[in-house]
Amino acid sequence: MHRAIQVNSLTGFCLTKLDVLDGLTTLKICTGYKTATGEIITVPPTAAEGYEKITPVYEELPGWSENTVGATSVDELPANALAYIKRIEDVTGVPVDIISTGPDRNETIIKVNPFA
């Protein structure tokens with residue numbers, strides 16, 4: 001993810017399909033990569049061949065059993081969903097500005113309007 005942030009100069013994320021994570025007991029976030037020498041790096045190699053020599057490092061977070069489908073405000077999200085979003089922001093250094101909670105346009109939480 002850090003490579004995509006570098007290349008695209010991201011200033012905010014749109015997190016889609018949060019609702020499909022409902023009911024999972026745990027979620028994993030890739031926080032880095034372990035090299036053959038045991039070093040942990042946060043940005044993967046630029047060349048495809050380099051991926052053979054690294055292993056993803058995952059952080060496991062608790063899931064949630066509550067329903068997020070159709071939520072239209074952050075206040076409607078379960079505590080563990082909010083913790084998951086916060087951890088994505090912390091790991092990437094980029095805020096999650098928009099959260100999709102269903103297939104309809106009105107099932108969207110806009111924390112920061114990108115057009116304002």
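With contacts defined as side-chain heavy-atom distances shorter than 4.5 Å, the pair Tyr84/Leu18 qualifies. You'll find the side chain of Pro95 stays beyond 4.5 Å of the side chain of Val112, heavy atoms only. Considering only heavy atoms from C-beta on, Ile99 stays 4.5 Å or farther from Thr68 through its side chain. The closest side-chain heavy-atom distance from Val74 to Ile85 is not below 4.5 Å.
To the nearest 0.5 Å, atoms CH2 (Trp64) and OG1 (Thr25) are separated by 11.5 Å. Atoms CD1 and OG, on Ile110 and Ser73 in that order, are 12.5 Å from each other to the nearest 0.5 Å. Atom CG of Leu15 and atom CG of Leu21 lie 7.5 Å apart (nearest 0.5 Å). Rounding to the nearest 0.5 Å places CG of Leu61 at 8.5 Å from CD1 of Ile88. Between atom CD of residue Glu89 and atom CG of residue Asp97 there is a gap of 8.0 Å, rounded to the nearest 0.5 Å.
Of all heavy-atom pairs spanning Asn67 and Val69, the tightest one is OD1-N, 2.9 Å. Taking all atoms of both residues into account, the shortest heavy-atom contact from Val91 to Cys30 is CG1-O, 4.3 Å. Across Pro44 and Tyr33, no two heavy atoms sit closer than the pair CD-CE1, 3.7 Å. In terms of heavy-atom proximity, Asp19 sits nearest to Ser100 at OD1-O, 4.1 Å.
Hydrophobic clustering of Ile, Leu, Val, Met, Phe, Trp and Tyr side chains at less than 4.5 Å, counting indirect connections, keeps Leu27 apart from Tyr58. In this structure, Ile54 is not a member of the same hydrophobic cluster as Ile40, with clusters built from ILVMFWY side-chain heavy atoms closer than 4.5 Å. Under the 4.5 Å side-chain contact rule for hydrophobic residues, Phe13 and Ile98 do not share a cluster. In the hydrophobic clustering of this structure, Tyr51 groups with Ile41; members are Ile, Leu, Val, Met, Phe, Trp, Tyr whose side-chain heavy atoms approach within less than 4.5 Å, directly or through other members.
The closest donor-acceptor contact from the side chain of Asp104 to the backbone of Asn106 lies at 3.5 Å or more, if one exists at all. Between the Glu59 side chain and the Ile29 main chain, no donor and acceptor come within less than 3.5 Å of each other. A donor-acceptor pair is defined here as one N or O able to donate and one able to accept, closer than 3.5 Å; such a pair exists between the side chain of Thr101 and the backbone of Glu107.
Heavy-atom contacts from other residues, nucleotides or ligands closer than 6.0 Å to NZ of Lys111 number more than 12.
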